[in-house]
4 protein chains.
Amino acid sequence: MSGINKVILVGHLGKDPEVRHLDGGVTVASFPLATSETYNKDGKRVEQTEWHNIVLWRGLAEVASKYLQKGKLVYIEGKLRTRSFEDKEKVKKYVTEIVAENFTMLGRKSDFEQSPTTPTHQSAEAKIEDEFTIGPSDENGDLPF
Amino acid sequence: MSGINKVILVGHLGKDPEVRHLDGGVTVASFPLATSETYNKDGKRVEQTEWHNIVLWRGLAEVASKYLQKGKLVYIEGKLRTRSFEDKEKVKKYVTEIVAENFTMLGRKSDFEQSPTTPTHQSAEAKIEDEFTIGPSDENGDLPF
Amino acid sequence: MSGINKVILVGHLGKDPEVRHLDGGVTVASFPLATSETYNKDGKRVEQTEWHNIVLWRGLAEVASKYLQKGKLVYIEGKLRTRSFEDKEKVKKYVTEIVAENFTMLGRKSDFEQSPTTPTHQSAEAKIEDEFTIGPSDENGDLPF
Amino acid sequence: MSGINKVILVGHLGKDPEVRHLDGGVTVASFPLATSETYNKDGKRVEQTEWHNIVLWRGLAEVASKYLQKGKLVYIEGKLRTRSFEDKEKVKKYVTEIVAENFTMLGRKSDFEQSPTTPTHQSAEAKIEDEFTIGPSDENGDLPF
DNA sequence: TTTT
DNA sequence: TTTT
């Protein structure tokens with residue numbers, strides 16, 4: 001009956017968003033995001049980087065493809081979803097993704113110069129669209145990330 | 001350009017939601033929420049309770065008034081907002097509230113029996129409404145909590 | 001230089017925690033956690049359950065093994081980590097886990113009856129510093145901000 | 001019995017941290033933090049800024065006083081606490097603060113030049129346990145989940 | 001594959 | 001009182 005599934009990330013895009021238009025006109029975007037943590041190990045600074053698979057649907061995908069690029073710092077809020085797919089050898093595999101529910105660009109304005117009206121917190125439309133996330137992703141279980 | 005203002009609470013309602021209908025038909029609900037923390041002090045268990053002022057607008061207010069009651073356990077996500085108002089003696093005071101963006105009822109199903117279709121995660125409509133939060137709250141700076 | 005990798009879950013344990021003691025005396029516990037989301041699809045209520053692999057280390061693993069059991073409702077905070085391993089056929093696989101940083105048991109007290117001194121916010125050593133927070137602030141109620 | 005009280009903020013310091021040393025040697029630091037939200041109102045871009053009172057204790061206060069300054073962008077995680085105090089006229093007042101539990105500096109390295117070894121996720125003692133997480137998991141890459 |  |  002109840003549950004909370006929430007992910008909060010701040011990190012840099014490893015690549016430009018990759019955008020796809022599914023049958024029916026639904027837009028989906030995805031990109032890898034790196035979150036780095038620095039800690040001390042035996043007096044030395046060690047950096048540990050974790051890579052996350054970010055997926056965005058519909059309006060949020062479109063906004064992301066417009067404003068986000070490789071290297072940008074971004075705050076992302078979303079939920080975890082693990083889905084299975086078959087690789088080229090027909091082996092069943094699992095991948096865990098973060099389905100974004102909203103995002104906010106961080107850092108200097110100059111980082112986002114190409115956007116004349118930089119949106120801050122993509123909310124309204126993007127969140128509505130998200131409600132339909134389950135349908136399209138089911139139809140498209142073999143979506144390559 | 002950027003900013004995140006997010007609050008996540010799990011706690012029990014201290015009272016039933018209090019519902020008001022503003023001019024223009026906007027619904028606003030509010031209630032106190034208690035979050036308790038237990039810690040050790042000199043070998044003794046001490047419970048520390050913190051009270052939060054929760055405010056919900058429009059669709060979210062209506063759902064809350066239907067499904068939430070005093071004593072229920074609830075997950076609330078929202079943002080902080082501090083606003084000023086004048087008390088009866090015309091003294092300017094400040095109050096910090098959590099403007100809910102969504103909520104989820106936790107605990108046993110029997111706790112929510114009165115609801116035939118218990119909603120889990122109020123999202124769509126509720127989030128849209130939230131976009132207009134600033135207007136009504138400005139019109140109503142003297143809203144008693 | 002910077003990064004945030006945070007997961008917040010509220011869900012039910014799918015199994016009792018499985019505890020292992022590594023060489024060197026380190027304790028590690030793990031269990032699957034289900035988070036459910038209910039939404040409307042074509043006017044019907046659909047429940048979507050997501051399973052998460054939770055891993056806990058050291059003190060947190062020990063507390064978890066003592067107080068958590070299959071079916072219990074729990075709040076978990078942690079971070080995402082994807083690691084690779086070889087399966088029985090020597091095929092390299094990936095799994096994404098949530099490394100817990102603290103947890104709190106939710107639900108009725110009776111759910112945790114076996115624990116005479118139900119801890120609220122379990123994070124073992126990690127939270128010791130935090131536990132003394134109240135003292136100084138009490139001594140200093142007039143702290144000018 | 002249970003409760004979660006968590007605040008997540010990303011914003012800019014409005015002032016340098018103000019540091020105090022209490023009797024007993026406890027360090028406490030505080031500063032105002034601004035989180036800004038931009039939204040559309042009647043086709044115009046409106047910026048709404050919220051100010052938060054951040055308080056840090058002990059080790060975290062010391063790290064903050066060393067590395068944070070007015071204008072810096074920072075991620076802060078903490079909990080809400082409302083406390084009462086008497087103002088100069090002996091009137092009882094309330095103030096809601098965010099007691100920081102850890103913070104991470106965001107933005108360009110040049111923003112933190114004065115720190116030769118910029119720490120990433122500062123939470124002093126509170127995170128020591130966490131720092132050794134990586135070791136054991138590496139030793140145990142084949143940990144069956 | 002990012003960033004510092 | 002910050003930032004874009």
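Each chain gets a letter, A, B and so on, in the order its sequence line appears, and its residues count up from 1. Quantities reported herein were computed from a predicted structural model and do not represent experimental measurements.
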Output the rounded distance in Å from [atom1] ([X]) to [atom2] ([N]).
{"X": "E47(D)", "N": "dT3(F)", "atom1": "CD", "atom2": "C1'", "result": "7 Å"}
{"X": "L33(A)", "N": "dT3(E)", "atom1": "CG", "atom2": "C1'", "result": "10 Å"}
{"X": "R45(A)", "N": "dT3(E)", "atom1": "CZ", "atom2": "C1'", "result": "15 Å"}
{"X": "E18(A)", "N": "dT1(E)", "atom1": "CD", "atom2": "P", "result": "16 Å"}
{"X": "H12(A)", "N": "dT3(E)", "atom1": "NE2", "atom2": "P", "result": "7 Å"}
{"X": "L73(A)", "N": "dT1(E)", "atom1": "CG", "atom2": "P", "result": "20 Å"}
{"X": "Y75(A)", "N": "dT3(F)", "atom1": "OH", "atom2": "P", "result": "22 Å"}
{"X": "E37(A)", "N": "dT2(E)", "atom1": "CD", "atom2": "P", "result": "20 Å"}

Practice item. Looking only at side-chain atoms of W51(A), point me to the closest of dT1(F), dT3(E), dT1(E). Key: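 It is dT1(E).
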Check your understanding: Rounded to the nearest 0.5 Å, what separation is found between the CG atom of L33(D) and the CD1 atom of I76(D)?
Key ->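 Between atom CG of L33(D) and atom CD1 of I76(D) there are 5.0 Å.
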Point to revise | Rounded distance [0.5 Å steps], CE in M105(D) versus OH in Y75(D) | key: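 Separation between the atoms: 14.0 Å.
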Review point. Side chains of E50(A) and T35(A): donor-acceptor distance under 3.5 Å anywhere?
Key: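 Absent: no donor and acceptor within the cut-off.
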Review point. Using a cut-off of 4.0 Å on non-hydrogen atoms, how would the nucleic acid contact of T35(D) be classed: base, sugar-phosphate, or nothing?
Key: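 It contacts nothing in the nucleic acid.
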Exercise for review: Pick base, sugar-phosphate or nothing for G11(D), based on heavy-atom distances below 4.0 Å to the nucleic acid.
Suggested key: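 If one applies the 4.0 Å heavy-atom cut-off, G11(D) turns out to touch nothing in the nucleic acid.
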Check your understanding: Can you check whether K44(D)'s main-chain N or O pairs, donor with acceptor, with D42(D)'s side chain at less than 3.5 Å?
Key ->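 No; zero donor-acceptor contacts below 3.5 Å.
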